[in-house]
Amino acid sequence: MAKPVSIEVWNPNGKYRVISTKPMPGTRWINLLIEQDCRVEICTEKKTILSVEDIISLIGNKCDGVIGQLTEDWGETLFAALSRAGGKAFSNMAVGYNNVDVNAANKYGVAVGNTPGVLTETTAELAASLSLAAARRIVEADEFMRAGLYDGWLPHLFVGNLLKGQTVGVIGAGRIGSAYARMMVEGFKMNLIYYDLYQSTRLEKFVTAYGEFLKSNGEQPVYWKRASSMDEVLREADVISLHPVLDKTTYHLINKESLATMKKEAILVNCSRGPVIDEVALVEHLKQNPMFRVGLDVFEDEPFMKPGLAEMKNAVIVPHIASASKWTREGMATLAALNVLGKIKGYPIWGDSNRVEPFLNESVPPPAACPSIVNAKALGLPVSKL
Ligand SMILES: NC(=O)c1ccc[n+]([C@@H]2O[C@H](COP(=O)([O-])OP(=O)(O)OC[C@H]3O[C@@H](n4cnc5c(N)ncnc54)[C@H](O)[C@@H]3O)[C@@H](O)[C@H]2O)c1
Ligand SMILES: O=C(O)[C@H](O)CO
């Protein structure tokens, strides 16, 4: 028998029981659920990562939908428990859903939501920050100052890399990868090389137009290239940022061999998922190549780091905060709540999950649709005509 977990209850007499496994930023998501007759139960347990048993205990005997987190293991056991409790809706408060077994959800007829779009620019901005912090050795220099070691300007003190005119490589040029590429090209006048399974025509057009603009101003233009293999990006780029989904094809995409392909002074940034990099191989590479630098937001065994990583001066490391801006986190909570609410109310699925702005406009009620359900097709859910 699982131990009871502590909760906070909103609108106790609501008809539909919706659980959030964590308190989430803002109140709009709570109000939207309450207005539509939901009783909202928010888990207030102190521990950060809830176990499957904790969540089973939260679901109980009657539950219409759950908003969950990327730290939770949403597999067969939880979808079976949700289904037994009468639930047909789950949403991750995240765009990535590698913690969710979608086949298991399909088996129990549970819709799986995610939160694309609202975090694109925020996440890309952190990838750009990590690129800059690694290139200009900002964290090392900050530690040096705080340690009272600065005793005057020196020609060699914390010399780093100039980005202008260098090549930025993007692996996974989807929403976030493309936004990051634009920031680096436009902000720092870098050339672009990218690798993705699909062509990113909009990104290519943007770089071409920006290159023409620079040229017309008498400046050095920028160029783009779509690589035919990931290795081409690794060989040619000075800064490489990883933005693919995590699946079987991207697990340990960066390993001992691919690290050896990169330039000795390259910068590698990861704001996708930790297991895209073989972190043991990365630590070894950082040890052997002190001029190689990384900026990491995600780790292979989160919340842990592989031995040795924390000691590496050539690594900038932050705790999975790429989407952590107030607007984005409140928007993620709203989208996740509306995914669950929409399924409970029998609303259709929003036609374009890349265009979620209508759900985020606080001055008008959101459309009567689920913003983004990843298994909509598998479940045969209708698409909104709005
Ligand atoms: N660190 C964070 O806080 C944070 C925040 C948001 C998203 N993410 C991660 O970023 C990922 C991407 O988000 P998005 O909104 O840009 O998704 P997206 O679907 O728009 O982009 C992913 C891209 O990866 C490409 N891709 C898939 N397999 C590939 C492969 N083998 N090689 C090269 N490219 C491949 C896809 O074609 C797609 O263009 C999410 O799945 C999530 O895991 C992390
Ligand atoms: O996938 C996601 O959305 C992130 O990892 C958290 O924002």
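All ligand and atom numbering here is 1-based and tracks the order in the structure. Any value given below was found using the heavy atoms of this structure, including those in side chains, with hydrogens, waters and symmetry copies removed.
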> Before signing off on this row, confirm whether Val298 and ligand 1 have an N or O atom pair separated by under 3.5 Å.
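No.
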> Hey, quick one: are Val222 and Val170 part of the same hydrophobic cluster, counting side-chain heavy atoms closer than 4.5 Å, chains of contacts allowed?
yes
> Just which atoms of ligand 2 are under 4.0 Å from any heavy atom in Leu70?
4 (C), 5 (O), 6 (C)
> Looking at ligand 2, does Met93 have a heavy atom less than 4.0 Å from it?
no
> I need the atoms of ligand 1 closer than 4.0 Å to a non-hydrogen atom of Thr249, numbered in the order shown.
31 (N)
> Tell me the protein heavy atom at minimum distance from atom 19 (O) of ligand 1, and give that distance in Å.
Arg175 NH2, 3.8 Å
> Using a 4.5 Å cut-off between side-chain heavy atoms of Ile, Leu, Val, Met, Phe, Trp and Tyr, which other residues end up in the same hydrophobic cluster as Met145?
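Under the 4.5 Å side-chain rule, Met145 groups with Phe144, Leu149, Tyr150, Trp153, Leu154, Leu157, Phe158.
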> Going by the order shown, which atoms of ligand 2 are within less than 4.0 Å of some heavy atom of Gly96?
1 (O), 2 (C), 3 (O)
> For ligand 2, note which part of Val298 has a heavy atom under 4.0 Å away: side chain, backbone, both or neither.
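Neither part.
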> What atoms of ligand 1 come closer than 4.0 angstrom to any heavy atom of Gly96?
41 (O), 42 (C), 43 (O)
> Quick one: look at Thr123 and ligand 1, take heavy-atom pairs under 4.0 Å, and tell me if it's side chain, backbone, both or neither.
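It is the side chain that gets close, since no backbone atom is under 4.0 Å.
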> What atoms in ligand 1 come closer than 4.0 Å to a heavy atom of Tyr198?
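Matching atoms, with element in brackets: 37 (O).
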> Would you check the N or O atoms of Thr115, main chain and side chain alike, for any that come under 3.5 Å of an N or O of ligand 2?
no
> What do you reckon, does Cys271 have a nitrogen or oxygen under 3.5 Å from a nitrogen or oxygen of ligand 1?
yes
> Is Asn98 close to ligand 1, meaning an N/O of one under 3.5 Å from an N/O of the other?
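No; the residue has no nitrogen or oxygen that sits under 3.5 Å from a nitrogen or oxygen of the ligand.
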> If you count the atoms of ligand 1 from 1 in the order shown, which ones are under 4.0 Å from a heavy atom of Ser323?
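Those atoms are 3 (O).
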> Can we say Arg39 and Glu41 salt-bridge, meaning some charged N sits less than 4.0 Å from an Asp/Glu carboxylate O?
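Here Arg39 pairs with Glu41 in a salt bridge, since their nearest N and O are under 4.0 Å apart.
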> Any side-chain heavy atom of Leu162 within less than 4.5 Å of one from Gln166?
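No - every pair of side-chain heavy atoms lies 4.5 Å or more apart.
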> Should you measure from each heavy atom of Leu119, which atoms of ligand 2 turn up under 4.0 Å away?
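In order of number, 3 (O), 7 (O).
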> Measuring from Leu82:CG to Leu58:CG, what's the distance to the nearest 0.5 Å?
11.5 Å
> If you count the atoms of ligand 1 from 1 in the order shown, which ones are under 4.0 Å from a heavy atom of Thr250?
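Reading through ligand 1 atom by atom, the close ones are 28 (N), 29 (C), 30 (C), 31 (N).
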> Could you check whether any heavy atom of Pro116 sits closer than 4.0 Å to an atom of ligand 1, since that is the contact criterion I want to use?
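Outside the 4.0 Å threshold, so no.
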> Counting only heavy atoms, which portion of Arg273 has something under 4.0 Å from ligand 1: side chain, backbone, both, or neither?
side chain
> Please indicate whether any nitrogen or oxygen in Arg273 is less than 3.5 Å from any nitrogen or oxygen in ligand 2.
yes
> Counting each atom of ligand 1 from 1 as listed, which ones have a heavy atom of Gly172 under 4.0 Å away?
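Atoms satisfying the 4.0 Å criterion: 24 (O), 34 (N).
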> As an exercise, identify every atom of ligand 1 less than 4.0 angstrom from a heavy atom of Val95.
6 (C), 7 (C), 15 (O), 40 (C)
> List ligand 2 atoms under 4.0 Å from Ala94, heavy atoms only on the residue side.
1 (O), 2 (C), 3 (O)
> Taking the side chain as every heavy atom from C-beta outward, state whether Leu234 and Ile254 have any atom pair closer than 4.5 Å.
yes
> Out of Ser353, Ala324, Pro244, whose heavy atom sits nearest atom 11 (C) of ligand 1?
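Ranked by closest heavy atom to atom 11 (C) of ligand 1, first place is Pro244.
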> Under 4.0 Å from any heavy atom of His320, which atoms of ligand 1 are there?
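That gives atoms 1 (N), 2 (C), 3 (O) of ligand 1.
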> So which of Asn99, Asn92, Thr21 actually passes side chain to side chain donor-acceptor pair (under 3.5 Å) with Glu72?
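The residue from Asn99, Asn92, Thr21 that satisfies side chain to side chain donor-acceptor pair (under 3.5 Å) with Glu72 turns out to be Thr21.
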> Any atoms of ligand 2 less than 4.0 Å from a non-hydrogen atom of Ser323? List them with their elements.
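Under 4.0 Å from Ser323, ligand 2 has these atoms: 6 (C), 7 (O).
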> Does ligand 1 have an atom that lies less than 4.0 angstrom from a heavy atom of Leu246?
no
> On the 0 to 90° scale, with breaks at 30° and 60°, tag the Trp350-Phe359 ring pair as parallel, tilted or perpendicular.
perpendicular
> Under the side chain to side chain donor-acceptor pair (under 3.5 Å) test against Ser91, which residue among Thr115, Asn339, Asn114 passes?
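That would be Asn339.
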